[in-house]
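Inspection log for the structure reproduced underneath, given as structure tokens.
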Number of protein chains: 2
Amino acid sequence: MARKRVTLADVAAAAGVSPTTASLVLTGRGRELRISDIVQERVHAVSDELGYRPNIVSIGLSKGTTKTIGFVSDTVATSQLAGDMIRGALEAAQEHGYMLFIGETEGDAASERQLIDAMLDRQVDGVILASMFTRLRPLPSTLDGTAAVMLNALPVGASAVPSVVPDEYAAGRSAVRLLLEAGHRSVHLIGAGPGEHDVPPATVAGRERLAGIRDELASAGLAPASGWLCDAWLPPNGFAAVHDLLARDPTPRALICFNDRLAFGAYQALQEAGLRVPEDVSVVSFDNATLAEWLRPGLTTFGIPHEELGRRAVEVLLGMREKAEPAEASGSPVVHRLAMPLFGRGSVAAVAR
Amino acid sequence: MARKRVTLADVAAAAGVSPTTASLVLTGRGRELRISDIVQERVHAVSDELGYRPNIVSIGLSKGTTKTIGFVSDTVATSQLAGDMIRGALEAAQEHGYMLFIGETEGDAASERQLIDAMLDRQVDGVILASMFTRLRPLPSTLDGTAAVMLNALPVGASAVPSVVPDEYAAGRSAVRLLLEAGHRSVHLIGAGPGEHDVPPATVAGRERLAGIRDELASAGLAPASGWLCDAWLPPNGFAAVHDLLARDPTPRALICFNDRLAFGAYQALQEAGLRVPEDVSVVSFDNATLAEWLRPGLTTFGIPHEELGRRAVEVLLGMREKAEPAEASGSPVVHRLAMPLFGRGSVAAVAR
DNA sequence: TAGCGCTGCTAAGCCGATTTAGCACAGAGA
DNA sequence: TCTCTGTGCTAAATCGGCTTAGCAGCGCTA
């Protein structure tokens with residue numbers, strides 16, 4: 001069955017010219033090399049008729065470029081996030097005629113190395129190293145000499161690799177500002193805080209959100225009313241933290257949850273205590289998980305622009321390939337910070353007096 | 001910077017043999033073609049020392065196989081599901097030394113065609129056509145002559161392509177059996193039913209789940225107590241359906257929700273009506289979304305084995321490449337149905353008497 | 001001592017494109 | 001008539017590996 005692919009040689013034969021001529025015409029160098037209009041037209045016509053498409057593998061062999069990008073993610077555990085990030089990358093890649101190899105390491109260094117090798121064996125033009133939660137990560141040494149971009153992660157060590165991350169710090173400030181504008185002066189933190197070092201280890205997001213929160217509070221002459229550091233940021237943790245908070249302060253007015261799943265747990269605890277959102281308690285959160293929309297009332301949250309992050313990573317990577325080695329040239333690695341958009345729903349109200 | 005890749009020629013030169021010899025040794029045909037042990041050893045040593053890795057692009061050019069599979073999904077809207085499916089596919093592919101191209105069509109036929117072309121241009125060895133919800137879909141004609149497998153979708157038309165889908169029908173039967181064993185005799189359906197044709201259009205999952213449910217009820221001499229067909233299967237739909245149900249029957253005993261998001265809405269409606277899960281109402285559902293674990297009480301649900309589906313699709317695809325054209329040979333396309341595992345949590349209790 | 005078979009290795013072609021160098025022909029000028 | 005300059009096209013090398021066919025040298029037989 002398998003109809004054989006139409007090759008350049010087929011086109012050339014059918015048009016009665018040499019493969020060279022066909023190649024020149026189809027790569028747009030016909031005029032430059034003085035192929036007559038009649039022949040050019042004939043080649044194009046035959047090419048269309050036969051449905052010729054160049055074999056990228058072949059081009060890859062001689063040019064060393066395969067129009068392919070490797071996308072290495074460390075975990076797809078919280079895969080919804082990964083999906084959007086990949087989607088953005090995919091779209092940007094497709095727009096530029098690139099394809100994406102996807103690979104997953106589950107955080108294992110050996111399998112990361114293996115995966116990157118497999119990609120290099122296939123002559124990828126560049127590699128995106130994505131993390132599903134913002135963190136510091138080293139650049140694998142195999143990637144020396146290959147264009148690379150970190151996505152939702154920051155390079156550690158001397159490697160001068162550009163990175164693309166959400167602007168967590170700004171979002172932290174914005175979250176506080178939102179509550180201040182609603183008249184709140186007492187803000188409890190669920191998931192981290194109150195001190196600047198009270199964050200789960202290795203999460204850049206937590207550290208930067210907290211820094212933003214604390215700085216914005218400070219500029220209003222305030223400090224967190226309380227902070228509840230959690231090991232993990234899942235609903236049960238949020239539930240427990242708010243449960244504990246209510247034991248100390250039975251009528252909190254405003255919560256900032258460090259992510260939406262914590263907020264979900266917070267909702268549950270508040271509800272069981274007979275407190276209503278937002279009439280009794282305002283809640284602001286981060287991530288804009290799908291969940292945020294489904295809660296009743298809807299959760300006001302700062303979203304991670306996953307799709308935009310993925311898209312930007314691809315664009316940065318393709319940009320690198322044009323200029324020679326710009327990251328190293330400019331001395332220090334470039335960090336692209338993308339704004340986290342606010343999704344205002346029903347969970348914030350003016351403070352009750 | 002970019003250290004040049006080590007080629008076979010480099011290894012050969014360093015070992016003082018011809019490229020032919022090096023190739024034979026490294027592809028394991030050394031003994032067969034009588035290369036002396038001394039030379040074999042030397043070639044291997046040099047190869048290791050230089051860190052030689054064969055360039056798969058080159059092999060792809062001559063052999064036409066690139067150890068690469070294209071994974072085309074129609075939508076990543078509900079991307080968590082996609083993520084797990086892709087993860088399973090990824091793992092299986094990696095185990096066999098294959099890489100995955102990922103592409104997304106957003107359901108658009110033109111972009112699907114374009115994507116598949118882009119993959120064929122890169123000489124993929126096969127293509128997996130994945131849907132994020134089980135449905136019928138035609139096989140794009142460009143794929144004639146290429147190995148293909150449908151994932152979470154069934155081929156429509158004469159194309160003899162194997163497919164891998166969850167066994168929705170069996171899960172429907174199991175859901176009912178679970179309730180029957182708990183002593184329930186009155187079962188309300190949220191999302192579809194009561195009649196066998198009362199399903200949202202084009203969802204195979206709904207149709208098959210409903211068929212299983214109705215058949216199992218029938219074999220106990222029962223029929224659905226009521227059924228609430230919803231346009232979409234999102235929390236607000238579940239909320240509304242249960243709201244309506246309660247207007248007719250204020251004390252339902254058992255609900256089967258057609259997915260977890262409907263069940264989430266059902267929980268909310270039950271809660272607002274002062275009914276408790278599972279003491280007053282038992283709830284069974286399908287999908288095992290992450291959400292199911294977070295609800296209080298945890299939702300008892302039949303999960304879609306996404307990871308297993310993805311994995312199996314790859315295995316079926318790679319299996320096809322070994323035998324010639326087995327699907328067509330065997331006459332009718334093979335459908336692989338994978339069991340949907342039960343995740344028993346706290347939402348089902350023995351019927352109150 | 002020519003012929004045969006075996007051992008151990010290599011030359012050369014191929015996959016499908018791009019690219020460089022250059023060929024054949026026509027017309028113009030010396 | 002010979003050279004020179006364009007014009008229009010093509011041969012051949014290349015990318016990096018695999019594969020087929022075959023070569024050289026040796027010992028053994030007839």
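In the text below, chain A, chain B and the rest are named by the order of the sequence lines, each starting its count at 1. Just so we're clear, the structure is a prediction, and the values are computed from it rather than from any experiment.
Of the two residues contacting DNA chain C, namely B/P19 and A/A9, the nearest-nucleotide position lying further toward the 5' end is that of B/P19. Take the nearest nucleotide of DNA chain C for B/S36 and for A/V6: the residue whose nucleotide is more 5' is B/S36.
For B/S23 and D/dC18, the shortest distance from a side-chain N or O to OP1 or OP2 is below 4.0 Å.
Closest approach of A/A22 to A/V17, counting heavy atoms only: N-CG2, 4.2 Å. For B/L8 against B/S23, the heavy-atom pair with the smallest separation is CD2-CB, 3.7 Å.
By the salt bridge (Lys or Arg N to Asp or Glu O under 4.0 Å) test, B/E95 is found to be paired with B/R311, residues two or more places apart in sequence or in another chain being considered. With sequence neighbours left out, B/R337 forms a side-chain hydrogen bond (donor to acceptor under 3.5 Å, both in side chains) with no residue at all.
Other residues, nucleotides and ligands contribute over 12 non-hydrogen atoms within 6.0 Å of the CD atom of A/E307.
Using a 4.5 Å cut-off on side-chain heavy atoms (C-beta onward), B/V334 and B/H336 make contact.
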Listed pairs, N/O of protein and of nucleotides 20-22 of chain C, under 3.5 Å:
none

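No option in A/V127, A/I69, A/L317, A/V314 other than A/L317 meets the side-chain contact (heavy atoms from CB on, under 4.5 Å) test with A/V149. A side-chain contact (heavy atoms from CB on, under 4.5 Å) with A/V57 holds for exactly one of B/V57, B/T68, B/V124; it is B/V57.
The separation between A/R122 atom CZ and D/dG17 atom C1' is 15 Å, rounded to whole Å. In this structure, A/D10 places its CG atom 10 Å from C1' of C/dG16, rounding to the nearest Å. Taking atom CD1 on A/I35 and atom C1' on C/dA24, their separation rounds to 14 Å, with Å as the unit. Distance CD (B/E32) to P (C/dC9): 15 Å, rounded to an integer number of Å.
Atom CG of A/D144 is separated from atom CG of A/L139 by 7.0 Å, given to the nearest 0.5 angstrom.
For DNA chain C, the residues of residues 39-67 of chain B within the heavy-atom distance limit of 4.0 Å (strictly under) are B/V39, B/L61, B/S62, sorted by number.
Within the helix from C/dT1-D/dA30 to C/dA30-D/dT1, the inter-axis angle between the opening and closing five-pair segments is 110°, rounded to 10°.
Sequence neighbours left out, the pairs with a member in residues 49-62 of chain A that pass salt bridge (Lys or Arg N to Asp or Glu O under 4.0 Å) are A/R53-B/D121.
Side-chain rings of B/F101 and B/F71 stay apart, their centers remaining 6.0 Å or farther from each other.
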